[in-house]
2 protein chains.
Amino acid sequence: MNPLFHELFQKTRFLTNEINVTLKKHNLYASQWTVLYTIQKHGEMSLTQIWKYLNVEAPTITRTVYRLVELGWIDIRPGKDRREKIVRLSEKASQDFSAIKESILEFEDRMVEGLTKEEETILIELLRKIK
Amino acid sequence: MNPLFHELFQKTRFLTNEINVTLKKHNLYASQWTVLYTIQKHGEMSLTQIWKYLNVEAPTITRTVYRLVELGWIDIRPGKDRREKIVRLSEKASQDFSAIKESILEFEDRMVEGLTKEEETILIELLRKIK
DNA sequence: AAAATATATTTAGCTAGGTAAATATATTTC
DNA sequence: GAAATATATTTACCTAGCTAAATATATTTT
């Protein structure tokens with residue numbers, strides 16, 4: 001089998017696990033953080049906006065969003081269109097946000113220490129060329 | 001957040017989904033194929049050998065292996081050391097193996113069509129430099 | 001305005017990764 | 001050889017992706 005795919009899957013799994021270690025002290029998982037980050041960036045969002053933006057399926061977002069509501073990270077309310085639900089960061093999330101972001105930035109920097117800025121750019125470009 | 005990680009996760013998810021589409025006609029999922037392929041390559045293997053080789057945790061392999069036994073793809077037997085279980089491809093799997101491998105090879109080639117051989121090598125090297 | 005279609009979300013159930021702890025058997029130590 | 005430790009596997013239970021089908025509400029068509 002093509003070693004490229006093997007390397008890709010191995011590395012992604014490794015990174016996900018490491019992100020989870022990093023986020024443990026904030027009591028968050030990788031995907032939960034991804035959703036929080038997306039919501040913060042956009043202010044207020046409907047569930048559909050979230051899953052379209054993240055390029056995952058709707059049920060995945062339903063589940064993660066409700067877990068985040070349960071954990072007190074986000075608030076949810078009905079939209080004007082009564083089919084939709086609008087979410088935004090809770091008070092707690094807004095307060096903790098920059099500390100968590102700091103942890104993630106440190107983590108990301110550590111992971112790419114072995115790459116120059118140019119190599120990072122090339123890597124992104126090459127990844128985009130797959131399919 | 002670092003666009004490299006975003007691209008990496010997006011691409012991996014995309015590839016997993018596409019592999020699953022490719023494998024659908026063989027009634028297999030991506031991880032099941034990975035395990036089958038590993039077993040075929042090594043002949044006979046204990047569960048521990050599989051999870052160490054694939055760099056995943058033991059319970060993941062226990063589950064996938066038993067599903068593959070259930071589906072008739074592999075045979076399982078106790079080892080000399082009575083703690084361990086040894087697996088190998090079933091008759092059916094041995095017969096179908098090359099057809100499935102062919103599908104996968106086609107798929108992989110299609111995915112890297114946009115890359116030269118050199119770019120593929122560079123991509124692997126750059127991925128290895130992460131952490 | 002009723003019927004048909006479209007959109008937003010949810011529910012159910014599958015694969016697939018993880019951790020923590022339990023169980024069974026081997027191996028090592030005292 | 002009994003006790004302690006190590007190894008192989010399993011069980012229970014999380015997160016996190018997916019598809020297919022259900023439900024509720026909007027929008028479009030006739």
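To find a chain, count down the sequence lines: A is the first, B the second, and so on, and within it residues start at 1.
In this structure, A/Tyr66 atom OH and C/dT11 atom C1' are separated by 12 Å, rounded to whole Å. Taking atom CD of residue B/Glu57 and atom P of nucleotide D/dA16, one finds them 17 Å apart after rounding to whole Å. We find that CD1 of B/Ile76 is positioned 11 Å from C1' of D/dT10, with the value rounded to whole Å. Between the P atom of D/dA16 and the CZ atom of B/Arg63 lies a distance of 15 Å, rounded to the nearest Å. Protein atom CG of A/Leu54 is 13 Å distant from nucleotide atom C1' of D/dA16, rounded to whole Å. As a whole-Å value, the separation of B/Arg82 CZ from C/dT27 P is 12 Å. Residue B/Lys24 contributes atom NZ, which lies 14 Å from atom P of C/dC14 at whole-angstrom precision. Nucleotide C/dA16 holds its P atom 14 Å from the CH2 atom of B/Trp33, rounded to whole Å.
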Give each protein N/O atom lying under 3.5 Å from an N/O atom of nucleotides 1-8 of chain C, with the pair distance.
residue : atom : partner : partner atom : Å
C/dT7   : O2   : A/Arg83 : NH1          : 2.8

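Taking 4.0 Å as the cut-off between side-chain N and carboxylate O, B/Arg110 and B/Glu113 do not count as a salt-bridged pair. For the pair A/Glu18 and B/Lys131, the salt-bridge criterion is not met [side-chain N within less than 4.0 Å of a carboxylate O].
Residue B/Leu105 holds its CG atom at 12.0 Å from CD1 of B/Ile100, rounded to the nearest 0.5 Å.
Of the two residues contacting DNA chain D, namely A/Gln32 and A/Lys80, the nearest-nucleotide position lying further toward the 5' end is that of A/Gln32.
At distances below 3.5 Å, not a single donor-acceptor pair connects side-chain atoms of B/Glu84 with backbone N or O atoms of B/Ser46. Checking side-chain atoms of A/Asn20 against main-chain N and O of A/Ala30 turns up a donor-acceptor pair under 3.5 Å.
Counted within 6.0 Å of NZ on B/Lys25, heavy atoms from surrounding residues, nucleotides or ligands total more than 12; the atom is thus considered enclosed. Within a 6.0 Å sphere centred on CZ of A/Arg13, other residues, nucleotides and ligands contribute more than 12 heavy atoms.
Between B/Thr62 and the phosphate of D/dT9, there is no side-chain N or O to OP1/OP2 separation shorter than 4.0 Å. An OP1 or OP2 oxygen of D/dT15 is reached within less than 4.0 angstrom by no side-chain nitrogen or oxygen of A/Ser31. For A/Thr60, no side-chain nitrogen or oxygen approaches OP1 or OP2 of D/dA16 to under 4.0 Å.
For B/Tyr29, the listed nucleotide lying nearest its side chain is C/dT15; candidates were C/dT15, D/dT15, D/dA20. Which of C/dA16, C/dT15, D/dT9 sits closest to the side chain of B/Arg67 comes down to C/dT15.
B/Trp33 and B/Phe97 have their aromatic ring centers within a separation under 6.0 angstrom.
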request  = Under the side-chain contact (heavy atoms from CB on, under 4.5 Å) rule, what do B/Asp75 and B/Val69 come out as? Steps first, then yes or no, please.
outcome  = CA-CA 6 Å; B/Asp75 296 330; B/Val69 169; over 6 Å; no
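Within residues 6-21 of chain B, the residues having any heavy atom under 4.0 Å from DNA chain D are, by residue number, B/Arg13, B/Asn17.
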